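A short write-up of the structure that comes next.
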Amino acid sequence: LSNEVARKCREQISLQGVFEGDESAATESLRESVGCCLKWKRVLRKTAHTVNKNVALLEADASGKELVAWDFGDDQFAQIDAFVQRCRDLIEICEGRMQFMVELDALEFGGTNGEEIKRSLKAVSESFHLQVKRIQQLQYDILDVRHSNWHEDYNNFKLA
């Protein structure tokens, strides 16, 4: 069921929105997916707690079979946790795109270092957009958490 929750969330996320389109809508979709996955974990843990509380109260069910407690370790949520982190990484990309939406050529910086500041900001913006394009062109589905290459690719993005 956890994989199905993540799959349904993936269907609602537009990678085109993350990289080229409406980053506000993409961010909202990513945040909703994070919220959905975290809510799923809370519901499942609460259900397991309720089941286990009842198992402790009852020795056996009506048919005489022994009841078994639900054992949910953190490894049960590894895929969901990885998907949540992937969504958070993509939110960071969207937030970066929003910060670099400003047309720097239209800005004027005063003082003796005004032009140097403008050139530096422009260089940072160009570097950021180049790295976004590199991430966008990765040859795997970045929402598929089974692709472990993402960690290295995203770390390279952040370091650039």
Side-chain angles (χ1 to χ4, degrees), residues 1-50 70 72-160:
L1 285 174
S2 293
N3 290 337
E4 185 64 15
V5 169
R7 189 184 70 75
K8 285 294 192 183
C9 288
R10 284 175 59 187
E11 290 175 0
Q12 304 305 312
I13 297 169
S14 166
L15 289 177
Q16 183 176 0
V18 170
F19 295 112
E20 296 175 348
D22 182 356
E23 57 278 326
S24 294
T27 299
E28 181 179 335
S29 177
L30 288 161
R31 286 194 171 128
E32 286 175 358
S33 293
V34 167
C36 179
C37 290
L38 295 177
K39 178 77 172 180
W40 166 248
K41 284 177 61 175
R42 283 191 302 273
V43 166
L44 197 55
R45 282 189 172 128
K46 185 177 180 179
T47 302
H49 175 74
T50 301
W70 285 12
F72 283 107
D74 287 338
D75 58 329
Q76 297 291 327
F77 298 112
Q79 295 288 320
I80 286 286
D81 290 339
F83 181 74
V84 165
Q85 185 57 51
R86 189 78 47 101
C87 288
R88 288 178 174 152
D89 293 345
L90 293 174
I91 288 169
E92 283 187 29
I93 290 173
C94 289
E95 289 171 346
R97 284 191 58 229
M98 286 185 250
Q99 290 176 3
F100 286 111
M101 285 174 57
V102 175
E103 182 56 50
L104 293 174
D105 289 330
L107 297 177
E108 292 295 325
F109 296 93
T112 57
N113 295 330
E115 283 303 311
E116 183 180 335
I117 292 170
K118 189 174 183 176
R119 276 192 305 276
S120 294
L121 285 174
K122 202 169 186 177
V124 170
S125 177
E126 289 170 359
S127 175
F128 174 79
H129 289 328
L130 181 68
Q131 293 304 314
V132 168
K133 190 60 115 177
R134 188 186 61 75
I135 290 285
Q136 181 182 15
Q137 294 173 343
L138 292 173
Q139 297 299 307
Y140 57 87
D141 179 3
I142 62 175
L143 290 174
D144 185 348
V145 296
R146 294 173 295 178
H147 289 286
S148 60
N149 296 3
W150 172 256
H151 303 291
E152 182 179 345
D153 291 329
Y154 187 68
N155 282 335
N156 289 337
F157 167 81
K158 287 174 43 173
L159 291 173

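Just so it is clear, the values below take in all heavy atoms, side chains as well, and ignore hydrogens, waters and symmetry mates. These figures come from a predicted structure and were not determined experimentally.
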**Report entry** Trace of the side chain to side chain contact (heavy atoms under 4.5 Å, CB included) decision for Val84 with Arg88
**Finding:** CA-CA 6 Å; Val84 165; Arg88 288 178 174 152; 3.6 Å; yes

Requested in this report: Please examine the side chains of Lys41 and Asp81, heavy atoms only from C-beta on, and report whether any two atoms are closer than 4.5 Å.
Outcome: yes

Query raised in the report: Is there a side-chain contact between Gln131 and Arg134 (heavy atoms, below 4.5 Å)?
Result: yes

Report summary line: Rounding to 0.5 Å, atoms OG (Ser33) and CD1 (Ile13) come to a distance of 3.5 Å

Requested in this report: Using a strict cut-off of less than 4.0 Å between a Lys/Arg side-chain nitrogen and an Asp/Glu carboxylate oxygen, indicate whether Arg31 and Glu28 qualify as a salt bridge.
Outcome: no

Query raised in the report: Got more than 12 heavy atoms from elsewhere within 6.0 Å of CD, Glu152?
Result: no

Query raised in the report: Side chains of Arg10 and Asp141: closer than 4.5 Å at any heavy-atom pair?
Result: yes

Query raised in the report: With no hydrogens and no angle check, is any side-chain donor or acceptor of Gln79 less than 3.5 Å from a backbone partner on Phe77?
Result: no

Requested in this report: Drop me the distance from Leu90's CG to Trp150's CH2, to the nearest 0.5 angstrom.
Outcome: 5.0 Å

Query - Closest heavy-atom pair and its distance - Tyr140, Asn149 - result: OH-C, 3.4 Å

Requested in this report: Can you tell me which residue pairs pass the ring pair (Phe, Tyr, Trp, His ring centres under 6.0 Å) test with a partner in residues 88-108, sequence neighbours excluded?
Outcome: Phe100-Phe128

Query raised in the report: If you round to the nearest 0.5 Å, how far is CZ of Arg42 from NZ of Lys39?
Result: 5.5 Å

Query raised in the report: Is there side-chain contact between Arg86 and Asp144, with heavy atoms separated by less than 4.5 Å?
Result: no

Report task. For Leu1, look at atom CG and say whether over 12 heavy atoms of other residues, nucleotides or ligands are found less than 6.0 Å away. Result -> no

Query - Any pair counted as side-chain hydrogen bond (donor to acceptor under 3.5 Å, both in side chains), so long as it reaches residues 12-26, sequence neighbours left out - result: Glu20-Gln136, Glu23-Arg97

Report summary line: Residues Asp153 and Ile135: closest non-hydrogen pair is O-CD1, 3.6 Å

Requested in this report: Tell me, with the steps shown, if Phe157 and Asp89 meet side chain to side chain contact (heavy atoms under 4.5 Å, CB included).
Outcome: CA-CA 10 Å; Phe157 167 81; Asp89 293 345; over 6 Å; no

Query raised in the report: So, do Thr27 and Met98 sit near enough that their side-chain heavy atoms are less than 4.5 Å apart?
Result: yes

Requested in this report: Check whether any side-chain heavy atom of Val5 lies under 4.5 Å from a side-chain heavy atom of Phe83, and answer yes or no.
Outcome: no

Query raised in the report: Heavy-atom distance under 4.5 Å between the side chains of Lys8 and Glu4, does that happen here?
Result: yes

Query raised in the report: Tell me, which pairs form a side-chain hydrogen bond (donor to acceptor under 3.5 Å, both in side chains) where one or both residues lie in residues 110-129, sequence neighbours left out?
Result: Asp105-Lys122

Query raised in the report: Got Val18 and Ile142 here, is their nearest side-chain heavy-atom distance under 4.5 Å?
Result: no

